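Worksheet for the structure shown next.
Fair warning: this is a prediction, and the values are worked out from it, not measured in the lab.
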Amino acid sequence: MVTAPAPHPAVPARTAHRVVHVEGVEVFYRESLPERPDAPVVLLLHGFPSASHQFRRLMDALGKHYRLVAPDCPGFGHTRAPHDFTYSFDRLADVVEGFTGRLGLTRFAMYLFDFGAPVGFRLALRHPERIAGLVVQNGNAYSEGLSDAARDFTALTPDTPGADQAILDLLTLDATRAQYEGGTVDPELIAPEGWLLDQYFLDLPGRKEAQRALAYDYKSNISAYPAWQAWLREHQPPTLIA
């Protein structure tokens, strides 16, 4: 009896882990090492409460064919910002804009996930010529996409009674775990390393204050929706919405 040879196991793409300095911020990032030097570039922008590690399996799967670049934004992951850094979505976009400049990224698609969407849309408005396409997952540019709970949360101000506690409640291990398991059919398929690593970073000194500032600033994104919508109508980039 002749048996077919066993298939060769798939070998994940190689990924480099690097640091670059932008406006006083030590930006940590992951970058796949594709087989072709002219591979298409995709900028991966992570969400709350995670960091670039959320894309690690995607980079394993696609990094041979695409140059995947995933930075940790200030206030997240391994990136380190000065003590006097102002945490706002405008400032996150400033750093990501400088980051793409330091890496010489002149044309790329963007994967916008959650908090990465308002950062990416700001970058798109500033440099529309750089954007080759979009992948949008859990990112919003329309008020219709906001749930009632999201509307209530984004309306919080520092003067709202109980607002600080509502934000702090989102930064606990139980809440971080729920970000991963909520809505899943089979939670046993969700590895715990993701939420445990996220919580490690959230518990670092100064990180909760950073998240508090970003939570109060989220309303700046909602006010920018009309400008983002106008950009989408004008440029109509190829877009995949997941």
Side-chain angles (χ1 to χ4, degrees), residues 10-22 25-34 39 41-81 85 87 89 92-93 95-96 98-100 102-103 105 108-120 123 134-139 170-184 187-208 210-211 214-215 242:
V11 178
R14 294 187 302 148
T15 299
H17 305 83
R18 296 168 169 157
V19 168
V20 65
H21 290 84
V22 180
V25 177
E26 185 179 282
V27 180
F28 171 88
Y29 68 101
R30 302 164 195 264
E31 181 174 5
S32 68
L33 305 175
V41 179
V42 185
L43 179 66
L44 309 176
L45 298 178
H46 66 81
F48 168 88
S50 200
S52 63
H53 70 86
Q54 77 169 72
F55 295 115
R56 62 196 182 280
R57 287 191 173 180
L58 180 69
M59 299 180 82
D60 285 345
L62 300 181
K64 288 184 179 180
H65 309 292
Y66 298 88
R67 182 185 176 192
L68 304 176
V69 181
D72 290 354
C73 285
F76 298 86
H78 296 281
T79 287
R80 293 193 236 177
F85 185 85
Y87 287 94
F89 284 91
L92 298 192
V95 172
V96 172
F99 169 79
T100 59
R102 288 294 305 273
L103 267 62
L105 307 182
F108 48 86
M110 293 194 296
Y111 191 128
L112 308 180
F113 182 88
D114 190 56
F115 267 27
V119 175
L123 186 59
L134 302 175
V135 178
V136 183
Q137 182 180 2
N138 196 38
L170 274 182
L171 308 179
T172 63
L173 179 60
D174 286 344
T176 301
R177 180 172 182 170
Q179 296 272 359
Y180 283 76
E181 294 184 338
T184 58
E188 290 184 356
L189 297 179
I190 308 298
E193 293 89 343
W195 74 72
L196 290 173
L197 184 56
D198 286 347
Q199 194 62 43
Y200 165 78
F201 288 126
L202 284 174
D203 290 339
L204 290 177
R207 290 296 176 89
K208 287 182 171 62
Q211 297 304 326
L214 290 171

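In this structure, OG in Ser32 is found 10.5 Å from NE2 in His65, a value given to the nearest 0.5 Å. Annotation: the span from Leu204 atom CG to Arg80 atom CZ amounts to 10.0 Å, rounded to 0.5 Å. Rounded to the nearest 0.5 Å, atoms CZ (Phe99) and CG (Leu92) are 13.5 Å apart. If you take OG1 on Thr176 and CD on Glu181, they are separated by 11.5 Å, rounding to the nearest 0.5 Å. Going from atom CE of Met110 over to atom OG1 of Thr100 covers 10.0 Å, rounded to the nearest 0.5 Å.
Phe85 and Tyr87 have their aromatic ring centers within a separation under 6.0 angstrom. Separation of the His46 and Phe55 ring centroids does not fall under the 6.0 Å cut-off.
Contact of the Pro49 side chain with the Gln179 side chain is registered, since non-hydrogen atoms from C-beta on lie closer than 4.5 Å. In this structure, Tyr200 and Leu173 have side chains that are not in contact, with every pair of non-hydrogen atoms separated by 4.5 Å or more. Counting only heavy atoms from C-beta outward, the side chains of Val135 and Leu44 never approach each other to under 4.5 Å. The shortest side-chain heavy-atom distance between Leu68 and Tyr111 does not fall under the 4.5 Å cut-off. Inter-residue side-chain proximity for Leu43 and Val41 is flagged as unmet; no heavy-atom pair is nearer than 4.5 Å. Side-chain contact between Phe201 and Phe76 is absent, with no heavy atoms from C-beta onward closer than 4.5 Å. In this structure, Gln199 and Asp203 have side chains that are in contact, with non-hydrogen atoms separated by less than 4.5 Å.
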Test side-chain contact (heavy atoms from CB on, under 4.5 Å) applied to Leu112 and Leu134, step by step: CA-CA 7 Å; Leu112 308 180; Leu134 302 175; 4.1 Å; yes
Tell me, with the steps shown, if Phe113 and Leu45 meet side-chain contact (heavy atoms from CB on, under 4.5 Å). CA-CA 6 Å; Phe113 182 88; Leu45 298 178; over 6 Å; no
For Arg67 and Leu33, what are the C-alpha separation, side-chain angles and deciding distance, and is it a side-chain contact (heavy atoms from CB on, under 4.5 Å)? CA-CA 6 Å; Arg67 182 185 176 192; Leu33 305 175; over 6 Å; no
Using the rule given for side-chain contact (heavy atoms from CB on, under 4.5 Å), can you reason through Cys73 versus Val96, listing the C-alpha separation, both sets of side-chain angles and the distance that settles it, and then say yes or no? CA-CA 7 Å; Cys73 285; Val96 172; 4.1 Å; yes
Is there a side chain to side chain donor-acceptor pair (under 3.5 Å) between Thr15 and Arg30 once you walk through the steps? CA-CA 7 Å; Thr15 299; Arg30 302 164 195 264; over 6 Å; no
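Considering all non-hydrogen atoms of both residues, Ala81 and Pro74 come closest at CB-CB, 4.4 Å. Of all heavy-atom pairs spanning Ala210 and Gly75, the tightest one is CB-CA, 4.3 Å. Between Pro71 and Val27, the shortest heavy-atom contact is CB-CG1, 4.0 Å. The minimum heavy-atom distance between Ala70 and Ser52, with the atom names listed, is O-CB, 3.3 Å.
Side-chain atoms of His53 and Asp72 include no donor-acceptor pair closer than 3.5 Å.
Panel note: side chain Asp114, backbone Phe48; a donor-acceptor pair is recorded below 3.5 Å. A donor-acceptor pair is defined here as one N or O able to donate and one able to accept, closer than 3.5 Å; no such pair exists between the side chain of Arg14 and the backbone of Lys64.
Exactly one of Leu103, Leu123, Val69 qualifies for a side-chain contact (heavy atoms from CB on, under 4.5 Å) with Phe108. That residue is Leu123.
Relative ring orientation between Phe28 and His78 is described as tilted, the plane-to-plane angle lying within the 30° to 60° band.
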